[in-house]
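One structure below.
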Amino acid sequence: MSSDEPASTPLQTVQASISKAQRQYQQTLDRWTPHVLPRWLSTLGLLALFMLRIVLSQGWYIVCYGLAIYLLNLLLAFLQPKFDPSLQDDLLADEIEEGATDSGPTLPSQRDDEFRPFVRRLPEWQFWYFIRSSAVPPGAETLVSRLSSTRAVIVALFCTTSDMFDVPVYWPILVVYFCVLFLLTMRRQIQHMIKYKYIPFDIGRKARYGGSK
């Protein structure tokens, strides 16, 4: 029996199977999206497994340090607004200076009274699962820079299976350095939050941000 439709090749069959698997995978991710607490509990479970691996094996301290620094950078991007209020203040000051020399009529500006919702530089979903290229700073588009917290922990766990990554280091120095770096970074972030009066979490009523008054 003849047919006008061409027979599918093995390559087309494999591509169709891959596309089907990708759709099912995406559907699974879509179902996980609203379940914030279970998702982060699973990531914390992977992180606890990684720390247990480090403690019991007494090795791979440099991998643990690298993971801690990377997670700190992700946390900082998660707490920061997408649009830096300091840059907006500079632009507003330039607009005021340019408008001062213009004697023509101007529209009223009430930027400090406008409600501007807090938009994160790194959204929660990207923080947890996948970082899009738009969230990566220009010039830093590498494979490592697009790892989310969950994928970074999985990669760190994979690194502990190879002795190539077990570089001998004096781990107390790494612990002290990370603690100092964490305190200084969080102090600067808290000062930034206090100066521009914003809270990166939905606690109580939603407050505007971007004004230093």
Side-chain angles (χ1 to χ4, degrees), residues 33 36-48 50-51 54 61-94 111-156 171-213:
T33 302
V36 178
L37 181 60
R39 287 194 283 107
W40 282 104
L41 287 178
S42 63
T43 301
L44 290 178
L46 290 175
L47 185 59
F50 170 77
M51 296 303 300
I54 297 298
Y61 297 119
I62 196 68
V63 176
C64 183
Y65 174 75
L67 176 63
I69 292 296
Y70 187 75
L71 293 180
L72 178 60
N73 291 331
L74 292 182
L75 177 62
L76 188 62
F78 177 74
L79 296 177
Q80 291 177 345
K82 185 176 181 180
F83 306 102
D84 193 350
S86 60
L87 298 179
Q88 293 180 354
D89 288 347
D90 294 339
L91 293 176
L92 181 59
D94 294 339
R111 294 184 59 180
D112 291 337
D113 296 333
E114 293 177 358
F115 171 76
R116 285 174 285 173
F118 184 82
V119 180
R120 303 182 186 277
R121 186 159 68 91
L122 182 65
E124 184 271 331
W125 172 257
Q126 297 183 26
F127 183 23
W128 178 76
Y129 177 70
F130 181 71
I131 300 178
R132 297 179 180 177
S133 58
S134 59
V136 181
E141 294 85 356
T142 62
L143 178 60
V144 177
S145 64
R146 297 184 62 177
L147 290 177
S148 65
S149 58
T150 304
R151 294 187 177 187
V153 174
I154 294 175
V155 170
W171 64 266
I173 295 180
L174 298 181
V175 173
V176 172
Y177 182 75
F178 175 77
C179 291
V180 172
L181 183 62
F182 178 81
L183 292 176
L184 293 178
T185 303
M186 289 297 103
R187 177 186 176 185
R188 183 176 57 183
Q189 178 61 28
I190 293 175
Q191 289 176 346
H192 191 270
M193 292 166 55
I194 295 175
K195 180 178 180 180
Y196 295 102
K197 298 180 181 180
Y198 68 89
I199 299 177
F201 302 102
D202 295 332
I203 302 177
R205 66 180 184 89
K206 298 180 182 296
R208 63 180 66 89
Y209 75 95
S212 58
K213 296 180 180 180

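Looking at Ser42 and Trp128, their side chains come closer than 4.5 Å, going by heavy atoms from C-beta outward. Residues Val63 and Ile54 fail the side-chain proximity criterion, which asks for heavy atoms closer than 4.5 Å. Side-chain atoms of Lys82 and Pro123, non-hydrogen and from C-beta on, never get closer than 4.5 Å to each other. You'll find the side chain of Phe50 stays beyond 4.5 Å of the side chain of Leu46, heavy atoms only. Looking at Met186 and Leu72, their side chains come closer than 4.5 Å, going by heavy atoms from C-beta outward.
Interatomic distance, OH of Tyr61 versus CD1 of Ile173, reported as 13.5 Å (0.5 Å rounding). Annotation: the span from Ile194 atom CD1 to Gln191 atom CD amounts to 7.0 Å, rounded to 0.5 Å. A distance of 9.5 Å separates OG in Ser149 from CG in Leu67, rounded to the nearest 0.5 Å. The distance from the CD1 atom of Ile154 to the OG1 atom of Thr150 is 6.5 Å, given to the nearest 0.5 Å. Here the straight-line distance linking atom CD of Gln189 with atom OG1 of Thr185 works out to 9.5 Å at 0.5 Å rounding. To the nearest 0.5 angstrom, Tyr177 atom OH is 10.0 Å from Leu174 atom CG.
Minimum interatomic distance between Gln126 and Ser148 (heavy atoms only, all atoms of both residues): O-CB, 3.5 Å. Nearest heavy atoms, Leu74 versus Leu122: O-CD2, 3.7 Å.
The aromatic rings of Tyr198 and His192 sit perpendicular, their planes meeting at an angle over 60°, well past the 30° parallel limit.
Every residue meeting the ring-ring contact (aromatic ring centres under 6.0 Å, His included) condition with Phe78, not counting sequence neighbours, appears here in chain and number order: Phe127.
Counting heavy-atom neighbours within 6.0 Å of Trp40 CH2, excluding the residue itself, gives a total above 12.
Trp125 and Thr33 form no side-chain donor-acceptor contact under 3.5 Å, judged by distance and modelled atom types alone.
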